Number of protein chains: 2
Amino acid sequence: MKPTVHDIAAHAGVSLATVDRVLNGRAGVRPAMKAKVEAAVEALGFVRDVAAANLAKGRVYNFVFILPANNNSFMQNLRLEVQAAAERGARERMSIVLRDVPAFDPAALVAALDRVLEEGLDGVAFVAVDAPEVRAAADRLVEAGIAVVTLVSDLSASRRTHFAGIDNSAAGRTAGTLMGRFLGARPGLVLPLAGSLMVRDHRERLEGFTAVMGERFGARAILPVLEGRDDPAETERLVTQAIAEHQGIAGIYSAGAGNRGLIHALSMLSREARPVVILHELTPATREALSQELIDAVLNQDAGHEVRSALRVLKARADGDAVIAAQERIRIDIFLKDNLP
Amino acid sequence: MKPTVHDIAAHAGVSLATVDRVLNGRAGVRPAMKAKVEAAVEALGFVRDVAAANLAKGRVYNFVFILPANNNSFMQNLRLEVQAAAERGARERMSIVLRDVPAFDPAALVAALDRVLEEGLDGVAFVAVDAPEVRAAADRLVEAGIAVVTLVSDLSASRRTHFAGIDNSAAGRTAGTLMGRFLGARPGLVLPLAGSLMVRDHRERLEGFTAVMGERFGARAILPVLEGRDDPAETERLVTQAIAEHQGIAGIYSAGAGNRGLIHALSMLSREARPVVILHELTPATREALSQELIDAVLNQDAGHEVRSALRVLKARADGDAVIAAQERIRIDIFLKDNLP
DNA sequence: ATGCTCCTGATTTACGTACCTCAAGATCTG
DNA sequence: CAGATCTTGAGGTACGTAAATCAGGAGCAT
């Protein structure tokens with residue numbers, strides 16, 4: 001049978017109370033005693049039964065997810081995944097609350113983070129706006145012992161516990177390679193799009209993209225970045241205008257959201273005039289566009305995985321456990337027409 | 001607070017014992033009482049605390065992983081992942097045992113499965129050899145209420161609980177699209193490789209690959225499949241010979257293992273003569289080749305994810321819980337030089 | 001030696017569920 | 001209506017850990 005704390009106490013020749021003090025890092029144990037207990041744990045291969053421990057603690061994990069009140073498909077989906085996780089979380093003693101803040105608004109985000117600090121919850125996951133005041137707010141939370149996970153978009157130079165999202169620079173580089181190779185010898189310009197250069201994920205993607213285009217497909221000219229604020233209508237307007245203005249657009253890379261507008265603009269073009277298009281996030285609209293060959297590749301981050309990963313990290317952090325690094329690496333899914341799920 | 005069995009009893013106006021009888025399907029409860037309890041469960045949104053229940057039952061999950069005694073990189077890695085999962089599983093009352101059977105040996109696999117049946121364990125995960133007698137053995141286990149998960153390679157027409165592995169046909173199609181687009185207008189033949197066409201994974205990949213090449217890149221000539229038996233030396237010999245024989249090989253798709261031999265053959269070619277190469281499984285050798293641009297893309301299945309997914313399904317099945325389908329879909333990772341983890 | 005702090009043991013209660021026993025009430029059988 | 005059988009209530013113990021209390025011993029400074 002699996003050894004219990006009682007076995008440890010017996011083997012170490014100390015009382016249950018002392019074992020408890022050592023295992024839970026409580027004060028009031030001489031080093032000699034501590035060593036005896038640790039030796040017994042080692043010798044018997046004791047592992048704490050987390051189910052029993054949580055039962056005894058009557059612990060409830062209080063977590064908050066703060067998401068931008070953005071109605072693009074990706075954020076909607078992310079919201080659904082958080083809600084699904086909240087439902088499942090109930091049976092594992094997790095209370096998961098979802099809060100909205102205005103998009104791209106550092107002050108609102110700071111207010112939401114400070115509220116978490118006041119309430120003294122166990123952990124928070126949020127989509128970062130990369131601003132100094134947000135970083136300061138996040139660091140205050142960490143200082144207070146609250147687990148802080150950034151979701152989708154990271155916060156530079158902060159002390160956040162973990163980032164649950166993809167390596168956006170690698171994603172941009174991957175998009176660059178696919179663009180360069182799919183274009184091959186076809187002449188023409190490349191147009192990059194973003195939601196906003198204020199969020200770190202879009203900025204990093206574009207940096208990776210342009211770096212690879214420069215390094216490996218240097219002859220290709222790249223237009224200045226257009227910012228569509230993740231809004232379909234604005235994005236469509238910008239793209240339509242750019243296509244009209246520059247006659248030879250051969251490739252479009254969209255690093256942000258609001259791609260319904262882009263897709264609609266593409267559908268107006270003749271098949272021959274259609275550029276190679278690579279964009280992010282698998283949504284009903286982009287899936288449809290991919291299977292109809294309006295676009296060529298979709299780079300995706302799985303919102304469900306990100307939410308579940310963030311939760312695992314928050315829980316592990318609250319329990320003082322280690323995380324499985326490989327499991328928490330969020331992968332960049334590359335979807336072509338052929339491997340749509 | 002979350003409702004407990006006591007709350008149910010109070011709300012239904014019955015005793016704890018009756019609630020217990022209803023919840024655990026014990027006999028001796030009149031339909032009227034049963035309905036009252038069920039109504040209370042519904043009304044209060046009661047969900048059984050699995051941790052407490054397992055603690056009370058003293059339940060231990062007994063799972064077995066049966067892997068082929070094959071020493072290629074992928075299987076070695078799979079074995080390591082199972083061992084890591086076994087260590088972590090201990091703290092969640094899971095006993096995970098790893099057993100080897102000779103590779104591609106239906107009789108040995110059947111014996112191992114029958115042993116699981118005799119021992120009355122809770123679940124088994126195994127790499128299937130696709131044979132009728134294996135299917136029959138798997139069905140016997142399912143019949144006995146034991147959870148059965150196939151890993152990496154599936155078992156056709158069986159009643160297995162779940163398959164933890166990738167869609168190999170989609171993987172082959174994806175390879176085909178990448179090959180066609182990477183080649184672009186470059187002239188030349190395409191050479192497909194496999195370990196053996198007797199193995200179902202390889203066969204499905206090649207079918208998907210050739211289907212896409214035919215549908216969308218029809219002008220491209222494809223050579224007959226070479227079978228390297230997953231052996232590096234044999235693969236190298238075949239590839240070297242094929243390159244010498246047909247002067248214009250522009251692309252190589254390797255659906256199987258033994259890719260070290262292929263990579264060595266590629267390293268002998270001049271940069272200009274080097275074909276577009278797409279192959280499977282990220283190993284130290286293929287990773288190195290990718291970063292040195294000896295090969296162009298690697299399709300990968302994440303062994304760690306497969307093992308963890310199999311375990312989640314086994315546990316959910318043993319508890320009678322539902323699985324999160326989206327979480328258990330094993331994805332086809334596409335690695336370029338730019339998004340290597 | 002006195003009072004003080006620090007360390008340790010012994011013991012108890014609690015968490016939510018499972019499962020057991022025993023007694024008594026309800027319902028059925030003839 | 002008596003007896004048998006089924007259903008229900010009441011109460012307990014157990015699982016493995018956490019966390020608290022209290023008493024007393026060791027060690028220290030004064």
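Just so it is clear, the structure is predicted and the values come from calculations on it, not from any experiment.
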Please report the distance, rounded to the nearest Å, between [atom1] in [X] and [atom2] in [N].
X: B:Met33; N: C:dT27; atom1: CE; atom2: P; result: 9 Å
X: B:Asp20; N: D:dG11; atom1: CG; atom2: C1'; result: 13 Å
X: B:Lys34; N: D:dC6; atom1: NZ; atom2: C1'; result: 17 Å
X: A:Asp7; N: D:dC15; atom1: CG; atom2: P; result: 12 Å
X: A:Leu23; N: D:dG16; atom1: CG; atom2: P; result: 15 Å
X: B:Arg26; N: C:dC20; atom1: CZ; atom2: P; result: 7 Å

TODO: Could you tell me whether the phosphate oxygens of D:dC6, OP1 or OP2, come under 4.0 Å of any side-chain nitrogen or oxygen in B:Arg30?
DONE: no
Can you tell whether the side chains of [X] and [Y] come within less than 4.0 Å, N to carboxylate O?
X: B:Asp167; Y: B:Arg329; value: no
X: A:Asp139; Y: A:Arg160; value: no
X: A:Asp100; Y: A:Arg79; value: yes
X: B:Arg159; Y: B:Glu143; value: yes

Open item on the list: Among A:Arg312, A:Arg308, A:His162, A:His305, which residue satisfies the side-chain hydrogen bond (donor to acceptor under 3.5 Å, both in side chains) criterion with A:Glu328?
Closed with: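 Of the listed residues A:Arg312, A:Arg308, A:His162, A:His305, the side-chain hydrogen bond (donor to acceptor under 3.5 Å, both in side chains) partner of A:Glu328 is A:Arg312.
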Open item on the list: Assess, by modelled atom type and distance only, whether the side chains of B:Asn300 and A:Arg331 contain a donor and an acceptor separated by less than 3.5 Å.
Closed with: no
Give me, pair by pair, the N or O atoms of the protein and of nucleotides 10-16 of chain C that are less than 3.5 Å apart, along with how far apart they are.
from: C:dC15; atom 1: O2; to: A:Leu55; atom 2: O; distance (Å): 3.2
from: C:dC15; atom 1: O2; to: A:Ala56; atom 2: N; distance (Å): 3.1
from: C:dG16; atom 1: N2; to: B:Ala52; atom 2: O; distance (Å): 3.2

Open item on the list: What's B:Asn54 touching, base or sugar-phosphate or nothing? Going by heavy atoms closer than 4.0 Å.
Closed with: nothing
